[in-house]
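Notes follow once the structure below has been shown.
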Amino acid sequence: MPLTGLEIYKLLPQTNCKECGYPTCLAFAMKLAAKQAELKACPYVTDESKSKLEAASAPPIRLIELAGADGSIQVGNETVLFRHEKTFYHRPGLFLRLTDTDGVNEVKRKAAEAEGYRADYVGIALGLDGFAVEAKSGDPAAFKAAVEAVQSVSTKPLILLAGTADLAKAGLEAAAGTRPLIHAADRDNWQAMAEAAKAAKAPLAIRSDSLDELAELTSSLAQAGLEDLVLDPGVDTLYKSLFTLTSLRRLALKKSFRSLGYPIITFPGNDTLLAAEQIAKYAGMIVVDTFDPALLYALLVLRQNIYTDPQKPIQVQPGVYEINTPDKTAPVLVTTNFSITYFAVANEVEGSGWPAWLVVTDAEGMSVLTAWAAGKFDAERIAKAVKTHNIGEKVEHQKLIIPGQVAVLSGELEEELPGWQIMVGPREAVDIGSYLKAMWQR
Amino acid sequence: MSRYIATRAIRGAHAIVGEAASMLDKALSEKGADTPVSFPNTAYYLPLILGMTGREITKVGDLQSVVEQAKGLLHPVPPDRRWTPYLGETLDSGMATLLAEETIMALRFIYGLQPELMPGFALAGGTAFTSPDNGSGPSADGHLNGPIDDIQLRSWGIQLVDGRMPGFAAIVGCAKTNEVAVKIVRELQRRNILTFLSGNVNGRSIIHQLKEEGVELGYDTYTVPFGTDTESAIYALGFAVRSALTFGGMKGGQARNILLYNKNRVFAFVLALGEVDDLKYATAAGAINFGFPVIADTIIPEILPTGVTTYEHVVSMPFNEIEGADDLERAERLVQKCIEIRGVKVRVTEVPVPVPYGSAFEGEVVRKTDMRVEFGGKHSRAFEYLLMADLDEIEDGKIELVGPAFDDVPDQGAMDLGIIVKVAGRKMEKDFEPVLERQIHYFVNGASGIQHIGQRDIAWIRISHAAAEKGFNVKHFGEILHARFHAEFGSIVDKVQVTILTEPALHAEWLAKARQAYEERNVRIGSMTDESVDTFYSCTLCQSFAPNHVCMISPERLGLCGAYNWLDCKASYQINPTGPNQPIKKQTNLDPVKGYYSGVNEFALSASHQQVQEVSMYSIMENPMTACGCFECIAMVIPETNGIMVLSREDTSMSPAGMTFSTLAGMAGGGLQTPGIMGHGKFYILSPKFISADGGFKRVVWMSSILKEQMAEQLKEVAIREGDPDLIEKIADERVCTDVEGLVAYLAEKNHPAPNMPPIF
Amino acid sequence: MTVEIPIEKWAAKVREVTLGATAAQGGTRTRTVTVGGEGTLPFLSHEGSLPHSPALALEVRDRKPDDWSPLLYRAWGEAMDDPGDWAKAAEAAGADLIYLVFSSTMADGRPNTGENARSVVRKVLGATGLPLAVIGPGQAELDNELIVPAAEEAKGERVMLGICEDKNYRTIVASAMANDHLVQSKTPMDVNLSKQLVILIHDMGMPLERIIMDPTTGALGYGIEYGYSVMERLRLAALQGDTMTQQPMLVNPGEEAWKVKESKVGEGVPAVWGDWERRALAWESVTATTLLLSGADVLILRHPETLKRIRSVLDGLRAPA
């Protein structure tokens, strides 16, 4: 049972020193309860309280961090089976597989190509998280060279696909100064792999088709002092992946099965739809075989969507959006910065073929009606947006179309924007095209 | 139950069953048992017989068992001495009559006597009747309609089911005059009610009357002439049976289900015009089986509610005794009465005002310079008062202006105005009065060029120049309210009558009455306690963005948005039984202090999708109610003071919790239970149940000044109730301090009770 | 060490709904399609019964649409010129169902008519033996004008009529009841609204075995997460025993995915979006796959290649025997 804010408050110093960055101890406690703050922010918490709080907050799925020369990724620490129950916290890492048998130049070329990949999605930069370098040659020197080649063009975290401890060591040497994942220990090599991982302070993946064996291995490794582990249950079909990953997530969350409470790595190869499934259903790291922007972009967007906090909707940048190259006679529409609202409106305007100016106000990511009800989309805010963005200079008319849902704002808005005519648009975005056709004379 | 009706119906049934039997004998000998028998263009055989008995009649011989069954339903005519014949016997007789009538009509088809010939008559919209044997060929001329064919049944059936057609009327007999006949039909057509015509009085039928007046009859005009005899009314019931078979998914023989379907879903009634003979009584008794009430315009005994129909069974409205300036007005009232008795809901879609109307105009402001006239505000007094009336007491759609209009008021001037709305409805309750009254604000605001602010006796309405120039006058308020109350609250409102008062003496008189009513309502809601009811209401309106949040609304705890109190929810549930406000039976009171009820817990578990296990109605410290994001206030524990603060949404300043409203809102909202913090409605602060489990109002150590100002009077009373008349002054606000240290000092200085109360946790 | 696989036991099942009627059942379809019946979460066949695979429908229009992506014109070619040919091509492409949608206007720009709807339905029924959905253009009045005659024309075929929405459902439901059809109950990404509309439709006398609910989704990148979570919540509620959420779910990834820039157009988009055709197909199929995982029973698709891919996804999701 997680502690409530009040229970946590009792364990805090109650001095309101504000050093944690929150105004009162109670505020801090409530943030802790909501898992939106970390206990280490409090410099004065007693050891006794600390151990009580940590015991209560130990994550059922261990948080694992990989680090490159610059940049890192965290996976695990998930607390729910369904995103609507709270949220999924740590997006699964997407890694590109590179093979040492391709030769140093080819590896380098591929890594460089993928390293620079950046796609913009509603103002968020999306890209790959790193590379999984495979020691296919079986030759430590070739593997080392391949890892070095990747390092020479990339600062992202690595996964070392090394079947033996020797290969792993070669890779680790090349990746010195970073924190790669070693893949993988199995029932035959786990002791040697554990040593290598321990020496490099790197997390270790464990590979087995059997959950029984995985659990045994993690227990053994934990006893050997290795706790940063990742599971590779060897899933290769859509069904097996769904069944196994669901079972693992349930075991960790509902049965507190500590020996399987680790993030999972999967290898969907070139199967985009298997990768998609694994994004939705419980993978922690996903290694794809081919760099194809067309497919990668779809996966990156899916990951972004699924890992959006359902209670903190995606926002688009407030501002003025030009649709279909508007001129001074084009209509001006206003809406909120909730992404879905924005998409609905922007898509309809775009689809209608009308050039238009779309003023997106900062409504803290709420939809029109919600924002209005919460006081985040009122006459004052709309007027402020219109003024800040100098809409008056962009158009020669003084007409502003507001969403039909907030018709009630029209009067107030006329007060706030003297000289402007406030037009009440349709209630649903779908009707924007026909509304403009009927109401807007060029 | 009237012995008279029973006697006449039973007698009529005996006669018609006898007639059917002899006709059948004749047909058997003349045509033979194997002669096919059917109604044209239907897949439902003889539909009433199919529905009621499950028999698929295809030849004359099949009818023998039907007549036998009808005979079996006959009862002896009650002797004069017996005073209480059973309703059941009358209903049985009615059913026997219907079986006999359908048998008779089927046999008439064999003899070419159906559809009934009427030389010189032409059906509007033609007919699907194409039998070559009826003497007139496949034309629409020279005969009446006969039964409705299946294609038409489906087309009208869809409209009856989807509500475009409110119901159907079976008119039997002959109206007082041709003029009255036309008026009745026009009134029905105006309401889109399907009308079937049959029967006669002394040989003269309403069909003759309408034909003489040149009224077009047929599918196209939704007014279908079946025949000039009473028997042809069976086609109306065959139509009803087929509706149930087609739209209710029922099978032939499921008599009970078919009858219930008609009672509950087919809004039909029988209007008997002129003298009612035995056969008409018997046929009417058949219709009552379907839940169709019978209204007669002559003096006959009445059968008041007993359960077969929804309301009254048989109602007598002697035509000449109906109130009205002339026969036309009487005819109009007669139709209105029929509609009320069957509970037919009439939809009003247009708001008949000379200015554009729609929610898009709700926010319009009419500035002083644009204003033609205002009511209320500084220079005059306007009030709105909605009250419930008996159905018989008011006339739907009557809009009356008592006193002068505003023509003589100078430009931008003001005048006194009273809007009295009387509503009646079978499901209306006195408690809904304030709920409906508050809608006046929204309804009036929907008109372009009209601004409405406030309610009750602080209403303030402006009419713009533009609206006045288009002809908007005060009576239009009435038009708006009539149309909108029907459209939005049709499920509880059947009649709306509006009086606009400008005459000074009456204005004063009604204002006094209204104020008395407002006061009574205040007392009523003020005196309702959670203990006095067995049902609370939920509100899940906000689940679209807070998917697991559910508001529990009790008489002493209104919704956290402030928009819904217990009565609102009760009304909302009546209006929209599947909507966001559902009744919650309290069931076992598990903990009277904290306010745990088993029914509330169960509802919370299910409506929160298993996220919330328990809800304490009266505590902020333990399982407090969740919040969406719409709360008017946030209450939060200030541990250092052993008390709580209450922060208003309208207060943007810093609070002693170290956070502003918008930061705190993130913690209080989202449908999560967070002990120590809670979103709530403003008026909940005044409730005796306000965090009563935690010590109640005395725990309040800090409150946004805006709340203190808005509720100054009520807070004073609360302080007295709590036994500390100076309590409000001891409560700090943002003008005193916005930090804990300042707050603690202030409480000590003022000797606030909270720090000395038992520890809050 | 033996790991015991946790098994979830559920109190209830999703309702089974059958589309289409064969000659024996009073129609002319060569086969019927039954969906629903799940006794557990999507594809977790080790812990509950999953009697029917989700059905895949291809969208066919009453006429060649004006504003579809060039990739779709390329894929369907001349078949799009005639709804009968198109339906035949869709059947050949492997669809389980034909999702026939009427356009709001005729090719010459005049509003669509009931007469046209009737003849299109007749034609499509003649061209394919698959069960059908018959869907209006999404404008209340016109929908009713087209669906009523279309429903009559298809009497007895157990087609699914749509779209029933909060503001316009009564006429379509009535005509479904009159002609023995099913209805699609569509609500905008909200659990309670989904439930409420099912209740309202059922209250009109429509059996629950003839209602499919469409909780609506957004495309990948355009709100799919809302639709995804609403579907997961509806399915969980159904399995927990909330009877009015137990309808099979239909969603339309085809329409949603092909409406967005990522699929629709090949020019004027960022280079990092990669190859247009591969991206477009990925968009539709990733959207569709994700929705399968959240509980979709019927998917409406637009591109024949997507159908092929989703078919193989369904094969892959079947537990090995």
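To find a chain, count down the sequence lines: A is the first, B the second, and so on, and within it residues start at 1. Because the structure is predicted, anything quoted here is derived from the model rather than measured.
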Under 4.5 Å between any side-chain heavy atoms of C:Gln196 and B:Asn576, yes or no?
-> yes

Side-chain contact, heavy-atom cut-off 4.5 Å: C:Arg170 with B:Val161?
-> no

Nearest 0.5 Å, what's the CD1-OG1 distance between C:Ile199 and B:Thr578?
-> 6.0 Å

Output for pair (C:Met204 CE, B:Arg265 CZ), nearest 0.5 Å, gives 8.0 Å

Please tabulate, for side-chain N and O atoms in residues 231-240 of chain C, each donor-acceptor pair with protein atoms closer than 3.5 Å (sequence neighbours left out).
{"residue": "C:Glu232", "atom": "OE2", "partner": "A:Lys281", "partner atom": "NZ", "Å": "2.8"}
{"residue": "C:Glu232", "atom": "OE2", "partner": "C:Tyr228", "partner atom": "OH", "Å": "3.3"}
{"residue": "C:Arg233", "atom": "NH2", "partner": "B:Pro547", "partner atom": "O", "Å": "3.2"}
{"residue": "C:Arg235", "atom": "NH2", "partner": "C:Gly295", "partner atom": "O", "Å": "3.4"}
{"residue": "C:Arg235", "atom": "NH2", "partner": "C:Asp297", "partner atom": "OD2", "Å": "2.8"}

Heavy-atom closest pair, residues [X] and [Y]:
X        : Y        : value
B:Phe247 : C:Ala178 : CE2-CB, 3.3 Å
C:Ser175 : B:Ile158 : CB-CD1, 3.3 Å
C:Thr171 : B:Arg164 : CG2-NH2, 3.3 Å

Bottom line for C:Val191: the part with an atom under 4.5 Å from chain B's heavy atoms is side chain

Measure distances from C:Asp203 to the heavy atoms of chain B and classify the residue's part below 4.5 Å as side chain, backbone, both or neither.
-> both

C:Ile5, CD1: over 12 other non-hydrogen atoms inside 6.0 angstrom = yes

Got more than 12 heavy atoms from elsewhere within 6.0 Å of OH, B:Tyr45?
-> no

